Amino acid sequence: MTLMSQLLDEALALDEAGRRAWLERATLAHPDLAAALRAALLPGAAQAADLKALMSLPKLGAADEASAPAASGLKPGARVGPYELIRRLGAGGMAEVWLARRADGAFKREIALKLPMLTRLQAGLEARFARERDILASLEHPHIARLYDAGVDPQGLPYLAMEYVQGEPLTAWCDAHRVGIPARLDLFLQVLEAVQYAHESRPSGPQALEHSGDRLRAGAPAGFWRRQTAGG
Amino acid sequence: MSQLTELLGRVQAGDAGARDALFAAAYSELHRLAHARLRDGGRNTVLDTTCLVHESYLRFVRAGELRAEDRRAFFAYASQVMRSVIVNSVRERLAHKRGGDRTPLTLSTGLGAQLPDAEETVLAVHEALEALEQADPRLAQVAQMRYFGGYSEQEIAETLQVTERTVQRDWEKARLILAAALR
């Protein structure tokens with residue numbers, strides 16, 4: 001890219017005739033860059049369209065997950081066991097996580113409800129879910145989101161009700177707050193503590209970790225799913 | 001507010017740590033702004049974005065109270081934050097669409113239905129920009145501020161303290177290089 005940049009500095013100042021002559025020489029000197037240089041200096045319609053497309057960020061549609069259809073087919077307000085869904089917080093390959101509250105008002109607390117994707121129901125899923133529930137229920141650590149409740153609703157949909165951790169991906173938080181190396185290492189040690197505690201699990205990557213206030217929490221412990229699906 | 005006032009005093013005294021803290025105070029607003037940019041795309045939002053970036057910082061602080069270099073640094077920082085938030089959100093959308101075990105399930109928000117091409121493009125631009133940062137840092141900075149930050153050429157010129165003509169040339173050249181990298 002450095003060479004491309006230098007070559008463009010030479011050639012962009014030239015008029016079209018100059019560019020053609022320059023390209024002939026450059027093609028011999030830098031055969032591997034010839035096509036890219038030709039596209040840049042003598043753009044056709046396709047190249048011009050590419051450049052135009054790069055003018056600005058493309059529109060990505062609603063970033064608001066509430067307006068997007070959930071893969072599970074569930075909607076806000078739906079009941080799952082004793083819980084009422086408020087809004088979808090996120091989704092992975094195997095499950096969705098919804099913000100939910102007790103429908104009977106027994107507890108005011110909002111929780112994260114993890115639900116397997118109905119479209120991906122597979123044999124043995126129920127057993128795996130039960131195993132995840134058992135593993136989670138045994139974990140009690142300040143850096144791991146707590147499991148409050150688990151069950152299967154009357155329609156046969158299994159659910160895990162977990163502590164709702166508000167935060168953002170740990171890596172993004174560190175970048176945004178310009179966290180220095182010593183502080184990052186300190187956070188990393190906290191991650192290791194939680195991982196060591198859940199020593200059976202496989203860490204699920206920094207994207208699954210969230211920084212909330214001054215505390216670090218593993219969001220949804222995807223590692224439990226992955227460990228089992230990976231056969232490890 | 002009093003904490004911000006105190007921070008501002010330290011920023012004016014040239015305390016770089018205080019400046020970082022002041023920037024961090026605007027982070028959540030920048031986060032929202034980045035999501036708004038994702039929703040609306042880059043079209044017709046340049047002015048809005050600039051206004052919002054101003055607001056997110058200067059809401060706390062009257063413009064005259066800031067040294068010019070702090071304002072410039074903030075604008076550079078804001079485009080970096082927006083890039084980071086946008087790229088994270090795009091990665092999540094892609095991961096969600098692809099499904100499968102490679103995807104760590106997080107509680108983060110920002111998923112939705114959208115066009116696949118746009119996400120791949122944004123991610124490809126981000127990766128090409130990383131390479132451009134090595135080859136030509138100023139071109140990469142211009143591209144980041146224009147593409148991810150949504151700033152006008154004039155705004156970028158003020159921030160980087162170069163002429164607007166230089167920004168125009170840099171941006172054109174950056175796009176040529178990025179387009180080549182994306183092909």
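These numbers were taken from a predicted model, which means no experiment stands behind them. Reckoned from all heavy atoms, side chains included, excluding hydrogens, waters and symmetry mates. By convention in this document, chain letters (A, B, ...) are assigned in the order of the sequence lines, proteins followed by strands, and residues within each chain are numbered from 1.
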**Prompt:** Looking at A:Asp175, A:Leu12, A:Leu41, which one has more heavy-atom pairs under 4.5 Å with chain B than the rest?
**Reply:**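 Among A:Asp175, A:Leu12, A:Leu41, the one with the most close pairs to chain B is A:Leu12.
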**Message:** I need the residue from A:Arg178, A:Met4, A:Gln6 with the largest number of non-hydrogen atom pairs under 4.5 Å to chain B.
**Reply:**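 Most pairs with chain B among the choices: A:Arg178.
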**Prompt:** Measuring heavy-atom distances to chain B, does A:Leu51 have an atom under 4.5 Å in its side chain, in its backbone, in both, or in neither?
**Reply:**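 For A:Leu51, the contact with chain B is made by backbone and side chain together.
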**Heavy-atom donor-acceptor pair, A:Tyr83 side chain to A:Ala112 backbone, under 3.5 Å** =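 No; zero donor-acceptor contacts below 3.5 Å.
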**Asked** Within the distance-only criterion (no hydrogens, no angle test), does the side chain of A:His30 pair as donor or acceptor with the backbone N or O of A:Ala26 below 3.5 angstrom?
**Response**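 No, A:His30 side chain to A:Ala26 backbone: no donor-acceptor pair under 3.5 Å.
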**Request:** Please determine, by modelled atom types, if A:Glu10 and A:Trp22 share a side-chain donor-acceptor pair under 3.5 angstrom.
**Result:**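 On atom types as modelled, these side chains qualify, holding a pair under 3.5 Å.
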**Request:** Look up atom CG in A:Leu160 and atom CD1 in A:Ile111, then write down how far apart they are to the nearest 0.5 Å.
**Result:**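 That separation rounds to 10.0 Å.
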**Asked** Checking heavy atoms, do the side chain of B:Ala143, its backbone, both or neither come under 4.5 Å from chain A?
**Response**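 B:Ala143 has no heavy atom closer than 4.5 Å to chain A.
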